[in-house]
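Remarks on the structure that follows.
Read the numbers this way: they start at 1 and go in the same order the structure lists the ligands and their atoms. Just so you know, these numbers use all the heavy atoms, side chains as well, and skip hydrogens, waters and symmetry mates. Values in this document were obtained by computation on a predicted structure and should not be read as measured data. Numbers for residues simply follow the sequence, beginning at 1.
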Amino acid sequence: MQQIFSPVSFGRLKLRNRIAMAPMTRRKAKKDGIPTPEIIEYYRRRAQGEVGLIISEGTGIDSFHAYDTLTVPRFESDEQLEGWKKVVDAIHEEGSAFAPQLWHTGRYAHNPIGPSACEMPPKADGTSRPSVQEMNEHHFAQVINAYIEAAKNAEAIGCDAIEIHGAHGYLLDSFVSPVTNKRQDQYGGSLENRIRFPIEVATAVRGAVSEDFPIIYRFSQWQLADYNQIKFSNPQQLELWVTALKNAGVDILHVSTYDATVPGFPEVDSHKTLCGWARELSGLPCIAVGKVTVSLTFNNAYGEEQDQVASPQPAFDLVENNEADLIAVGRALIANPNWVQIVKRGEWQQLRPFHKDLLKDLV
Ligand SMILES: Cc1cc2nc3c(=O)[nH]c(=O)nc-3n(C[C@H](O)[C@H](O)[C@H](O)COP(=O)(O)O)c2cc1C
């Protein structure tokens, strides 16, 4: 049997196989931010389908700034946490593990904050967005506290790990990027300074949960507003970042790319993926993601072009070749709750192709 379908443990995180569900925002909560019975069953179906690690959609960590719309389920009040506890229990009943993705949308929030003040482009529907406020000391403390509380609550309700959303242009990522971080103080300028706040968050979270409670950190080169953005221009810069994450006490890196198999620094190595580089440079277990059993990259998935299913083998080879420890599957798991079972039977050609219309309901 291929390694991908064999069990694996990272400290106390024990997984039935090496497949993760990628975090995917669905905006299906009611305005109270509580996971509904439909949301609970949506996650249960992926656990019944034998996904090893289910990472939740991004979930807002506080009611001041952290989320962008009220239909994003949140991770703050007792009622919201009770809803997530039902998700945890449903997933455990089916034999899988669960990590909520702790999300601060930063510049995209309903009450936006970021490293630097700026104006944001209008939303897709044409409505304008409020101006972004530059974070002051009060905001720094408030965000760190929100991450601490969310992480502690995740452990308390029985989650198997947490994922800190440090990717895609949201709050923590917007500090790392020189495009969105124009600060002149110790949080801006050099890469060492730009990573300071995300590392402070990771360090604070590590200190707030049990020593062995697994912390996953998701990062990306790309941002939503700039799909081609590069934050780490060479392996040396990536090494500085992933080493700092490791020293902060992060246990697993989730390397968000459009295509798990493309080289991270093609001018240095024509094969090694960004995940492979992160794994080698940090010595940490790493999750690869992007375009597994789909043909269109994520940024091209919402047009009229019809997706085609593709072989999972190139992604599985990353595990065989020690470039990745886990493979996260996104859109293909929206289209196929029982993706793992179908692929394990060798029937990947039977997978339902992803289509944007599948996002309308929680199938
Ligand atoms: C509908 C949708 C919602 C997403 N929401 C999130 C999110 O909340 N957090 C996050 O880190 N990534 C999010 N992503 C990115 C996915 O986690 C994943 O990285 C991306 O879809 C590439 O994987 P795929 O090619 O297997 O779909 C989202 C993607 C999709 C399609």
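- With a 6.0 Å cutoff to the six-membered ring centre and a 45° limit on the axis angle, Arg74 counts as a cation-pi contact of Tyr67.
- Side-chain contact of Tyr43 with Gln48: a donor-acceptor pair under 3.5 Å is absent, judged by distance alone.
- Interface of Lys291 with ligand 1, defined as ligand atoms under 4.0 Å from a residue heavy atom, comprises 24 (P), 25 (O), 26 (O).
- Contact atoms of ligand 1 toward Gly58: 8 (O) (distance under 4.0 Å to a heavy atom of the residue).
- For the pair Tyr302 and ligand 1, the shortest N or O to N or O distance does not fall below 3.5 Å.
- Comparing heavy-atom distances from atom 18 (C) of ligand 1 across Met21, Arg218, Glu57 singles out Arg218 as nearest.
- For Leu359, every heavy-atom contact with ligand 1 shorter than 4.0 Å involves the side chain, none the backbone.
- Salt bridge absent: Glu82 and Lys85 never bring a charged side-chain N and a carboxylate O closer than 4.0 Å.
- Side-chain contact, Gln313 with Gln2: a donor N or O sits under 3.5 Å from an acceptor N or O.
- Neither the backbone nor the side chain of Arg26 has any atom closer than 4.0 Å to an atom of ligand 1 (non-hydrogen atoms only).
- For the residue pair Glu50 and Ser96, no side-chain donor N or O sits within less than 3.5 Å of a side-chain acceptor on the partner.
- For the 3.5 Å distance criterion, the side chains of Thr127 and Asp125 qualify, holding a donor opposite an acceptor.
- Protein heavy atom in closest approach to atom 29 (C) of ligand 1: Phe298 CE1, 3.3 Å.
- Proximity annotation for atom 16 (C) of ligand 1: of Gly330, Pro23, Ala20, Pro23 comes nearest, heavy atoms only.
- Aromatic rings from His110 and His65 are positioned such that their centres are separated by 6.0 Å or more.
- We find that Asp185 and Arg196 are not joined by a salt bridge, their nearest charged nitrogen and carboxylate oxygen being 4.0 Å or further apart.
- In terms of protein heavy atoms, atom 27 (O) of ligand 1 is closest to Arg331 NE, 2.7 Å.
- Taking a 4.0 Å cut-off on heavy atoms, Ala167 fails to register as neighbouring ligand 1.
- The protein atom (non-hydrogen) at minimum distance from atom 3 (C) of ligand 1 is Thr25 N, 3.3 Å.
- Electrostatic pairing of Glu41 and Arg44 counts as a salt bridge here, judged by a charged N lying under 4.0 Å from a carboxylate O.
- Close contacts of ligand 1 with His168, meaning ligand atoms under 4.0 Å from a residue heavy atom, involve 10 (C), 11 (O), 12 (N).
- Atoms of ligand 1 lying under 4.0 Å from any heavy atom of Gly290, numbered from 1 in the order shown and given with element: 23 (O), 25 (O).
- Aromatic rings of Trp348 and Phe316 (six-membered ring for Trp) have centroids beyond the 6.0 Å cut-off, not under it.
- Ranking the protein heavy atoms by distance from atom 9 (N) of ligand 1 puts Gln101 OE1, 2.9 Å first.
- Atoms of ligand 1 found under 4.0 Å from any heavy atom of Ala22 (numbered from 1 in listed order, with element): 17 (O).
- Not a single N or O atom of Glu163, backbone or side chain, sits closer than 3.5 Å to an N or O atom of ligand 1.
- Residue Ala328 places no N or O, backbone or side chain, under 3.5 Å from any N or O of ligand 1.
- Two rings, from Phe265 and Phe232, have their centers 6.0 Å or more apart.
- Not one N or O of Tyr258 is nearer than 3.5 Å to an N or O of ligand 1, by distance alone.
- The pair Lys272-Glu280 counts as a salt bridge, with a side-chain nitrogen and a carboxylate oxygen less than 4.0 angstrom apart.
- Of the protein's non-hydrogen atoms, the one nearest atom 23 (O) of ligand 1 is Val289 CG2, 3.7 Å.
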